[in-house]
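Beneath this line is the structure, given in structure tokens, with notes to follow.
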Amino acid sequence: MSKSYNNFIAGEWCESESGQRFDNINPAVHSDIVGSFPRSNASDIDRAVEAAGEALRAWSLMPAPERGEIMKKAGDLMVARKEEIARIQTREMGKVLAETRGDVQEGIDTAYYAFGEARRMFGQTVPSELPNKFNLTTHLPLGIVGVITPWNFPMAIPAWKLFPALTSGNTVVFKPASDTPATGTMLVEILIEAGVPPKVINLVHGTGSEVGTLIVNHPDINAISFTGSSSVGRTINAAAGEQLKRISLELGGKNAQIVMDDADQDLALEGVLWGAFGTTGQRCTATSRLIIHDTIHDEFLEMLVNATRNLKLGNGLDETVDVGPVINESARKTIHNYVRIGKKEGAKLVLGGEFATGGVLDTGTFFQPTIFADVVPGMRIHDEEIFGPVLSVMKAGDLAEAIELLNATDYGLSSSIYTRDVNAAFTAMRDIQAGITYINGPTIGAECHMPFGGVKNTGNGHREGGEAVYDFFSEPKTIYVDYSGRLQRAQIDNR
Ligand code: UN1
């Protein structure tokens with residue numbers, strides 16, 4: 001019997017008014033049903049928004065450091081439940097335990113960062129143009145925030161959004177991905193146990209197209225924070241734009257790693273293996289393109305193919321496994337279709353390209369780690385986000401060409417260059433068009449106290465992480481205090 005989970009609305013765990021449910025299936029073992037979840041409808045969302053509205057004033061008036069203490073407690077509870085959460089997460093989305101532990105750790109780090117940031121939400125005091133007048137800025141909460149998150153980081157990404165949203169004094173309606181609703185539910189349980197008052201956080205389960213759309217369109221939700229695909233991001237942006245809602249979008253990536261001829265090749269190899277095939281390639285920061293200096297191209301490619309061949313596929317709960325399944329059958333078919341397209345476009349398939357089957361792999365949706373060589377911009381496998389274990393390899397004659405190739409994409413999230421030449425490294429830091437650049441590290445591995453986000457079609461200019469996300473989740477307020485006791489016209493009206 002699979003576990004039956006509920007929504008959390010207005011301080012109570014409850015069924016959806018629709019009476020309908022959906023199953024959450026383990027992508028490594030399809031007969032393993034992780035749980036059954038309510039399929040929420042418009043009236044559930046209305047109730048969640050109403051509750052969030054009722055809770056707003058008291059929560060926003062609680063001193064921020066007190067809210068921060070609740071976040072600290074939530075971090076402690078996550079530490080205590082880390083292994084349990086990691087195991088459920090591996091069951092519901094497939095990535096290996098070492099990675100789901102890391103995902104929970106990112107949530108813990110984010111909670112503790114919120115604890116500190118709650119005492120640091122600085123404003124400014126600024127000299128006035130006029131005598132006996134004092135100018136300052138402070139932050140106010142935004143109101144009710146809708147949080148819609150993807151399945152590939154079922155703890156880290158909800159944590160990135162919920163901790164700063166709550167610490168900033170907002171109330172929340174949260175919809176985790178329908179592929180990973182169990183981890184999202186555990187995070188809400190933890191926040192409640194830590195002391196977030198009833199109605200401040202409301203959890204509604206369901207699909208993005210149904211429940212996500214209802215949240216985005218709800219007139220009483222003031223802001224939306226969404227991570228997912230660029231195509232869904234566009235739709236959300238249009239809908240939220242119509243209502244002048246504040247909106248933060250973290251969307252796709254087509255991230256590249258450059259390997260220069262002077263690079264430490266073993267290090268670069270480890271980097272690309274981890275960047276391209278960690279999380280089975282299903283990160284928005286995944287390395288999906290590799291640009292190799294032509295003098296070392298053949299040698300490095302051969303090393304890469306050999307090392308990739310040795311990666312062990314299987315159930316992520318098995319500690320000896322390197323690469324888990326892809327999230328579901330429809331994703332596997334999409335990936336397979338891209339392989340067909342790549343071959344037709346003239347790219348050279350040097351490894352993989354097929355469903356991975358045989359033994360334990362037959363119980364789930366596995367795909368062989370795949371490498372294409374001779375890829376060029378303009379091919380669809382180069383231009384489009386595949387979100388799977390497919391790496392496109394290209395050749396560059398020098399640094400300028402390598403950077404030009406790296407920039408030849410509509411996306412701009414993460415990027416990487418391996419070189420021992422300090423001049424090349426600094427040139428790359430300046431000229432690469434991406435929100436994040438790693439020098440001698442893979443494209444994945446963002447830290448929660450640093451800004452996270454990208455340029456071009458990767459987003460709409462906001463950043464998660466660091467202090468930047470606290471700006472997103474609060475409204476700046478400018479205050480003038482005139483203690484002169486008379487009407488002082490502003491300087492513009494005096495001169
Ligand atoms: C994502 O893929 O959506 O930098 C987020 C990383 C992780 C987060 C990735 N810390 O790869």
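Note: hydrogens, waters and symmetry copies are ignored here, and every other heavy atom, side chains too, is used. If you're wondering where the values come from, they're calculated on a predicted model, not measured in any experiment. Atoms within each ligand, like the ligands themselves, are counted from 1 in listed order.
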Nearest heavy atom to atom 2 (O) of ligand 1 wins, so pick from Cys284, Gly253, Pro150. Cys284
Hey, does Val200 have a side-chain heavy atom less than 4.5 Å from the side chain of Val172? no
Under 4.0 Å from any heavy atom of Ile157, which atoms of ligand 1 are there? 3 (O)
What I want to find out is whether Asp103 reaches Lys95 closely enough, with some N-O distance under 4.0 Å, to be called a salt bridge. yes
Answer with side chain, backbone, both or neither: which part of Thr279 has a heavy atom less than 4.0 angstrom from an atom of ligand 1? neither
Non-hydrogen atoms of Ala156 versus ligand 1: any pair closer than 4.0 Å? no
Nearest non-hydrogen protein atom to atom 9 (C) of ligand 1, with distance, is Phe153 CE1, 3.6 Å
Would you mind checking if Arg380 and Glu345 are paired as a salt bridge, meaning a charged N to carboxylate O distance below 4.0 Å? no
Is the centre of the Trp151 ring less than 6.0 Å from the centre of the Phe387 ring? yes
For ligand 1, which atoms sit closer than 4.0 Å to a heavy atom of Asn152? 1 (C), 2 (O), 3 (O)
Purely on distance, is any nitrogen or oxygen of Gly445 under 3.5 Å from one on ligand 1? yes
Least distance between heavy atoms, Ile215 atom then Gly146 atom: CG2-CA, 3.9 Å
So, is Arg283 polar-close to ligand 1, with some N/O to N/O distance under 3.5 Å? yes
Taking heavy atoms and a distance under 4.0 Å, where does Glu106 meet ligand 1: side chain, backbone, both or neither? side chain
Location of contacts on Trp160 toward ligand 1, heavy atoms closer than 4.0 Å: side chain
Are the side chains of Asp318 and Lys312 in touch, meaning some heavy atoms are under 4.5 Å apart? yes
Please report whether ligand 1 has a polar contact with Ala446, defined as an N or O pair separated by less than 3.5 Å (distance criterion only). yes
Close side-chain approach of Asp109 and Gln105, heavy atoms under 4.5 Å: yes
Carboxylate-amine/guanidinium proximity below 4.0 Å for Glu401 and Lys395: no
